[in-house]
Amino acid sequence: MIQATSSDLAIELVGVTKRYRRNTAVRELSLQIPKGAAFGFIGPNGAGKTTTIRMIMGLLPMTAGQGNVLGINLNSGQDQVKRYVGYVPEQHFIYRWMRVGQVVRFCRSFYETWNDKYCSELLDLFGLDGHQKVKHLSKGMVTKLALVLALAHEPELLILDEPMAGLDPLVREEIVERVLHSICERKRTVFLSSHTLSDVRRVSDVIGIIHEGQLLTVAPTEQLVSGTKRIRAVLEEGQQPKESPEGTIWNRVQGREWLITVKDFTSNTVERLRSANPLQNIEVIDLGLEEIFKDYIRGAEVAA
Amino acid sequence: MRALIWKDFMANRVLWIGGLALILLPYLLCALVATISYKGQAHDWWYIFANAPGISCMISFLVVAMVGGVAIAGERPDRSSEFLAYLPPSRAAIITSKAMVGIGVITVICLLNMFALYVIEEVKTKEVLERMKVVYGAICSSAILIFGFAWLYSSFLKNPIYSTGLCIATVLLFWMLFAFVYDTMNWGSNHMVIFTPLATVVGIGAFVGGIFSYLHRVEP
């Protein structure tokens with residue numbers, strides 16, 4: 001999808017596989033994310049998103065495949081990667097006995113690029129008091145603290161794994177509007193994994209959909225949303241579909257109604273469909289990211 | 001490294017303070033009992049108070065087991081080990097810091113006990129000092145043995161209570177086994193000559209095993 005040289009890539013995975021005994025969590029995943037891109041990574045629960053992220057972070061060894069993050073080989077420089085990556089996991093396990101100021105000082109000692117001024121700005125922005133103990137913070141405030149820790153060393157790559165899970169809409173809005181947009185404006189690479197597709201849509205330039213450890217598609221957000229359409233065709237009495245159009249993601253026949261979701265939709269798609277099948281009527285429906293996501297998953301499940 | 005050492009020290013500060021209080025408690029209680037039952041003879045008071053180091057030593061061993069038990073596993077129940085895993089320090093740096101804090105604490109505990117014994121046994125002659133050296137050896141080797149096993153279990157168990165408990169059970173088994181073999185083999189009168197190096201070697205072996213286990217473990 002994106003042609004780039006290795007030095008332009010923030011993340012480059014080639015045929016990455018992760019197996020746990022008999023269970024394959026990630027299957028030959030290949031992915032290229034250029035520096036400065038905002039990548040949205042979506043998939044159902046257990047699809048392999050967190051496993052992929054943990055391999056990118058160097059926390060989990062790959063069973064097979066090659067990976068480079070910011071030019072660092074994941075098979076040999078796992079510890080190095082963490083110096084340049086800011087990571088916000090779904091659940092936060094920051095030392096509860098520490099005060100906010102102590103956590104900040106503790107983390108600061110590990111990064112040469114730590115920006116004290118930026119850190120103070122973020123703490124002020126989120127209303128975090130350095131004297132407060134982490135165990136006394138609400139879930140939203142802990143997430144904000146995790147974001148401060150991930151951002152204050154000005155990472156070249158920011159990885160967010162379900163960062164907004166369980167947060168109320170106001171906090172989510174604040175994080176997306178104030179933080180993620182500013183990161184994207186600074187031309188840092190963002191890797192966002194989330195179930196909140198509206199957030200993914202707003203933040204990401206490129207979206208990848210993963211299901212059962214396999215990457216189903218990677219496409220620029222606008223191309224994915226505008227190029228994926230649902231066709232609602234009515235078959236002639238007593239007829240069955242003969243040929244699905246090229247780029248069919250998912251289709252279903254119910255009575256005379258034939259629903260087809262296609263990618264890379266063009267006006268030719270309708271013409272070809274009409275000429276190859278006995279159809280009475282055709283309607284083209286625009287889809288939101290949520291519907292597109294669901295249809296990719298349904299299609300993969302049918303194919304499996 | 002300084003930040004890691006600070007964190008490892010502060011994370012278990014309640015154990016350090018509580019452990020120190022427990023170790024000193026026998027001295028306080030013995031002094032109290034000795035004072036209450038004091039009948040005007042100075043050596044009576046001293047005779048009762050002299051029980052304190054033995055009791056304190058036993059408590060110290062329990063504290064050493066807890067120090068080793070929480071060293072690594074202490075960060076697993078609240079999953080703060082995961083937070084640390086996301087930060088840049090390597091696992092080698094993390095384990096080095098934990099080892100430094102653990103070894104530092106048990107050294108203080110051993111020195112405290114040795115000093116108390118030195119004072120209470122009134123080491124004034126060469127003979128007493130020679131006898132005390134054997135006792136010192138037994139204390140230090142036992143502490144190494146206990147810490148080693150607690151550390152080893154801590155490296156892979158998820159809860160410090162399990163690692164501490166399993167360590168105590170293992171060390172008791174080791175002592176019983178040693179006593180059984182010693183009696184069966186009829187090795188002579190000074191069993192400490194055998195026990196001290198054996199316990200030290202086994203303890204260090206367990207400690208090294210713990211490091212190896214931690215470094216090869218995928219966490220979280």
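Throughout, a chain's letter reflects where its sequence line sits, starting with A, and its residues are numbered from 1.
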*Asks:* With rounding to the nearest 0.5 Å, note down the distance linking CZ in B:Phe83 to SG in A:Cys107.
*Replies:* 3.5 Å
*Asks:* Report which part of A:Val103 has an atom under 4.5 Å of a heavy atom belonging to chain B: side chain, backbone, both, or neither.
*Replies:* side chain
*Asks:* State whether the number of non-hydrogen atoms from other residues, nucleotides or ligands found under 6.0 Å of A:Glu28 atom CD is greater than 12.
*Replies:*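 Atom CD in A:Glu28 is not packed in, count stays at 12 or less.
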*Asks:* Is A:Lys82 reaching over with its side chain to a backbone N or O of B:Ala85, donor-acceptor style, under 3.5 angstrom?
*Replies:* yes
*Asks:* Heavy-atom distance under 4.5 Å to chain B: side chain of A:Gln80, backbone, both or neither?
*Replies:* neither
*Asks:* What do you reckon, is OH of A:Tyr20 surrounded by more than 12 foreign heavy atoms closer than 6.0 Å?
*Replies:* yes
*Asks:* Atom CE in B:Met1, atom OG in A:Ser109: separation rounded to 0.5 Å?
*Replies:* 11.0 Å
*Asks:* Within a reach of under 6.0 Å around CZ of B:Arg2, are more than 12 heavy atoms found that belong to other residues, nucleotides or ligands?
*Replies:*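 It does not: B:Arg2 CZ has 12 such atoms or fewer within range.
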*Asks:* Of the listed residues (A:Phe106, A:Phe93, A:Tyr95), which shares the most heavy-atom pairs with chain B below a 4.5 Å separation?
*Replies:*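 Of A:Phe106, A:Phe93, A:Tyr95, A:Phe93 has the most heavy-atom pairs under 4.5 Å with chain B.
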*Asks:* Check the surroundings of atom CZ in B:Phe212: do more than 12 heavy atoms from other residues, nucleotides or ligands lie under 6.0 Å from it?
*Replies:*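 Not more than 12 within 6.0 Å, no.
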*Asks:* Just verifying a value: how many Å separate A:Arg83 CZ and B:Leu87 CG, rounded to the nearest 0.5 Å?
*Replies:* 11.0 Å
*Asks:* Quick check on the interface: out of A:Tyr84, A:Tyr111, A:Phe110, who has the most heavy-atom pairs with chain B under 4.5 Å?
*Replies:*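 Greatest number of close heavy-atom pairs with chain B: A:Phe110.
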*Asks:* Counting only heavy atoms not in B:Leu111, do more than 12 fall under 6.0 Å of its CG?
*Replies:*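 Yes, CG of B:Leu111 has more than 12 neighbouring heavy atoms, counting only those of other groups under 6.0 Å.
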*Asks:* Looking at A:Met141, I'd like to know if its CE atom is crowded, meaning that more than 12 non-hydrogen atoms belonging to other residues, nucleotides or ligands lie closer than 6.0 Å.
*Replies:* yes
*Asks:* Could you check whether any side-chain heavy atom of A:Gln91 comes within less than 4.5 Å of a side-chain heavy atom of B:Arg79, counting everything from C-beta outward?
*Replies:* yes
*Asks:* To the nearest 0.5 Å, what is the distance between OH on B:Tyr86 and CG on A:Leu149?
*Replies:*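 So the gap between those two atoms works out to 13.5 Å.
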*Asks:* Given heavy-atom pairs under 4.5 angstrom as the criterion, report whether the side chain, backbone, both or neither of A:Tyr87 touches chain B.
*Replies:* side chain
*Asks:* If you count heavy-atom pairs under 4.5 Å with chain B, which of A:Met98, A:Arg108, A:Arg105 comes out on top?
*Replies:*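 The option with the most such pairs is A:Met98.
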